[in-house]
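Comments concern the structure below.
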Amino acid sequence: MEYKYFPHTEEDLQAMLEKIGVKSLDDLYAQIPDSIRFKDDYDLPLSQSELEIRQAYDLLGKENRQLTCFAGMGVYDHYTPAVIPNLLSRSEFLTSYTPYQAEISQGTLHYIFEYQSMMAELTGMDISNASMYDGTTAAAEAMMMAVAAGKKVNKLLVAGTINPLTFQVLKTYALHQGIQLDVLSIQNGTTSLDEVKTRLAEDGYAGVLVQQPNIYGIVEDYTGFADACHEQKALFIVDSVAADLAVLKTPGEWGADIAVGDGQSLGIPMSYGGPYVGYMCCTEKLIRKMPGRIVGMTKDNRDQRAFVLTLQAREQHIRRQKATSNICSNQSLMALWVTVYMSLMGRQGLKEAAERSYAGAHYLCDELVKTGHFKLCYDKPFFNEFYVTYDGDADVLYKRFIEAGFLGGLRFEKGFLFAVTEKRTKEEIDNLVKLAAL
């Protein structure tokens, strides 16, 4: 059967079949048992006009419920300025092609350079790469980067307070890389410096990975962690929510060697789980161990500013079997998204959004505690996310939230993990508290 938009003719198909030594397309699937083959007609509608298709999808979209989001755990409902999707929809940006030919890719290389510059400043680190797939894979790449720099030390010490989803990805990568993961205990919702020192002294580790804020929303004090790591020749890795760094102490200020995390909080919609963007920054001495691409600035033969891909030999397309990583890149479209966001918001805008998120979370926490049904699990400083226990049936309350149009936090361990962003209003918070007080 010939199809209008398929480029191959029957003659083309026969020539290809003859080349591989079969007589028909059915011969390609001869090994598939007849009992599991689908023989009915596909349940596809007849051809429709553009208007009919739009109407059908509008009806389908209305089946989704838009809930007011008080959930976080790594993904946050931040505001997206309308100009961002409009700029990204320009044709020169909507391509996944890697900018190998610098002479015709100056625009792409330029915005990647600006992204790197902004992320390095946001994290307080020396170097940023051209972004990763998401925060979890960035953490996994940091693990392998530490092992690669650790002179055959194939063990990583991981805080028990990191996001469990990140830890699952770490385990998957570690399994196939021959890396051993050891987990630090949780002591009153935080990680103990004394335990870190003891574990590092007892055995050799390539690095220590912590999260800031941690899974409970707590802002941990990492004073002395970097020194403890460096005394034992281990790297200190800090995983942070990007937007929080507008007001929190940066990984660079904590003395981190590698900073990773997800950039979703920089204006990227939640979008049912993606696409997101992972960031990775490090000290200058580790630049040759860093995976992915790096864009550098130089001058051409006319002494004009120009941008180029730098240190290409680390990537899989140059020496796949010896590469520091095979992740390569995320094609940078979402890096452009957060670059436009940071440019629009500026330092003050990022700070104000973070401060509003902080204020809203603390207001919600105080109001929930006043109901007498909730208790802050750990008496520790938190940012825009917090973990509370509930004295009633948490499943019933969670269902009540959903029925009223709220994604009322996340059911986590024995209670709820609530998150608040700058989008949440006082009225929304008060309505959530009324439901919780019933």
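The model shown is predicted, which means the values in this text are computed figures rather than measured ones.
Atom CD in E114 sits 11.5 Å away from atom CG in L336 (nearest 0.5 Å). With rounding to the nearest 0.5 Å, the separation of CG in L193 from CG in D227 is 9.0 Å. Note that CD1 of I268 and OH of Y276 are 8.5 Å apart. Values are rounded to the nearest 0.5 Å. For the atom pair Y387 OH and K380 NZ, the distance stands at 16.0 Å (nearest 0.5 Å). In this structure, the separation between CG on L266 and CD1 on I84 is 9.5 Å, given to the nearest 0.5 Å. Atom CE of M118 is separated from atom CE of M342 by 5.5 Å, given to the nearest 0.5 angstrom.
Annotation: side chain of V295 is not in contact with side chain of T310 (no heavy-atom distance under 4.5 Å). By the 4.5 Å heavy-atom criterion applied to side chains, Y205 and R199 are counted as neighbours. Contact check for Q211 versus S240: no side-chain heavy atoms found under the 4.5 Å cut-off. The closest side-chain heavy-atom distance from V210 to F236 is below 4.5 Å. Counting heavy atoms from C-beta on, the side chains of E385 and L417 come closer than 4.5 Å. Between L60 and E63, some side-chain heavy-atom pair lies under the 4.5 Å cut-off. Here the side chains of R424 and D77 are in contact, with some heavy-atom distance below 4.5 Å. Residues N384 and Y76 are in side-chain contact: their nearest non-hydrogen atoms beyond the backbone lie under 4.5 Å apart.
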inquiry  = One pair to check against salt bridge (charged side-chain N to carboxylate O under 4.0 Å, His left out): E367 and K370. What are the steps and the verdict?
reply    = CA-CA 5 Å; E367 294 302 303; K370 287 179 183 178; 3.1 Å; yes
Please lay out, stage by stage, how T421 and Y79 fare under the test side-chain hydrogen bond (donor to acceptor under 3.5 Å, both in side chains).
CA-CA 9 Å; T421 69; Y79 174 68; over 6 Å; no
- E427/T425 under side-chain hydrogen bond (donor to acceptor under 3.5 Å, both in side chains): CA gap, chis, key distance, verdict: CA-CA 5 Å; E427 181 181 7; T425 65; 5.0 Å; no
Step-by-step salt bridge (charged side-chain N to carboxylate O under 4.0 Å, His left out) determination, R347 to E352: CA-CA 9 Å; R347 293 183 182 181; E352 286 182 12; over 6 Å; no
Q. Between D194 and S192, does a side-chain hydrogen bond (donor to acceptor under 3.5 Å, both in side chains) hold up when you go through it step by step?
A. CA-CA 5 Å; D194 290 337; S192 167; 4.7 Å; no
Assess the residue pair D134 and T137 against the criterion (side-chain hydrogen bond (donor to acceptor under 3.5 Å, both in side chains)); give the C-alpha distance rounded to whole Å, side-chain angles, the decisive distance to 0.1 Å, and a yes or no. CA-CA 6 Å; D134 57 23; T137 51; 2.7 Å; yes
key: Worked verdict on Y390 versus T371 for side chain to side chain contact (heavy atoms under 4.5 Å, CB included)   = CA-CA 10 Å; Y390 176 61; T371 67; over 6 Å; no
Task: Working for side chain to side chain contact (heavy atoms under 4.5 Å, CB included), residues V277 and Y133 - done: CA-CA 5 Å; V277 59; Y133 293 132; over 6 Å; no
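Checking each of I237, L235, I258 against L209 for a side-chain contact (heavy atoms from CB on, under 4.5 Å) leaves exactly one that passes, namely I237. Partner N129 forms a side-chain contact (heavy atoms from CB on, under 4.5 Å) with one of M280, E141, Q116, M119 and no other, that one being M280. Of the residues Q212, E253, K249, the one that meets the side-chain contact (heavy atoms from CB on, under 4.5 Å) test with V238 is Q212.
Between the side chain of H110 and the main chain of Q106, no donor-acceptor pair closer than 3.5 Å is present. In this structure, E52 contributes its side chain and S49 its backbone to a donor-acceptor pair below 3.5 Å. Between the side chain of S105 and the main chain of T108, no donor-acceptor pair closer than 3.5 Å is present. Here the side chain of D303 pairs no donor or acceptor atom with the backbone of K299 at under 3.5 angstrom. A donor-acceptor pair is defined here as one N or O able to donate and one able to accept, closer than 3.5 Å; no such pair exists between the side chain of W337 and the backbone of L88. Between the side chain of T172 and the backbone N or O of Q168, at least one donor-acceptor pair lies under 3.5 Å. Without hydrogens or angle criteria, S332 side chain to A335 main chain gives no donor-acceptor distance under 3.5 Å.
Between F406 and F70, the angle of the ring planes lies from 30° to 60°, which puts this pair in the tilted group.
Listed by chain and number, the residues in a ring-ring contact (aromatic ring centres under 6.0 Å, His included) with Y173 amount to none (sequence neighbours excluded). By the ring-ring contact (aromatic ring centres under 6.0 Å, His included) test, F418 is found to be paired with F386, F416, residues two or more places apart in sequence or in another chain being considered. Judged as a ring-ring contact (aromatic ring centres under 6.0 Å, His included), and not counting sequence neighbours, Y115 has no contacts. For D379, there are no salt bridge (charged side-chain N to carboxylate O under 4.0 Å, His left out) partners, not counting sequence neighbours. Residues passing the side-chain hydrogen bond (donor to acceptor under 3.5 Å, both in side chains) test with T161 are T191, E220, sequence neighbours excluded. Scored by the ring-ring contact (aromatic ring centres under 6.0 Å, His included) test, H362 finds Y358, F382 as partners (sequence neighbours excluded).
Between D262 and S265 the shortest heavy-atom distance is O-OG, 4.2 Å. D126 approaches T283 most closely through the heavy-atom pair OD2-CA, 3.4 Å. Across L309 and R293, no two heavy atoms sit closer than the pair CD2-CD, 3.6 Å. Closest heavy-atom contact between A146 and L156: CB-CD1, 4.4 Å. The shortest heavy-atom contact between N214 and T190 is ND2-CA, 4.3 Å. Contact record, A149 with L286: CB-CD2, 4.1 Å, taken as the closest heavy-atom pair.
Annotation: E50, atom CD; neighbour count of heavy atoms from other residues, nucleotides and ligands within 6.0 Å does not exceed 12. By the 6.0 Å contact criterion, CZ on R65 is enclosed, its count of non-hydrogen atoms from other residues, nucleotides or ligands being greater than 12. In K423, the NZ atom is crowded: over 12 heavy atoms of neighbouring residues, nucleotides or ligands sit closer than 6.0 Å.
Between the side chains of N64 and Q66, no donor-acceptor pair is found at a separation under 3.5 Å.
Between D430 and K426 there is a salt bridge, with a side-chain nitrogen of the basic residue lying less than 4.0 Å from a carboxylate oxygen of the acidic one.
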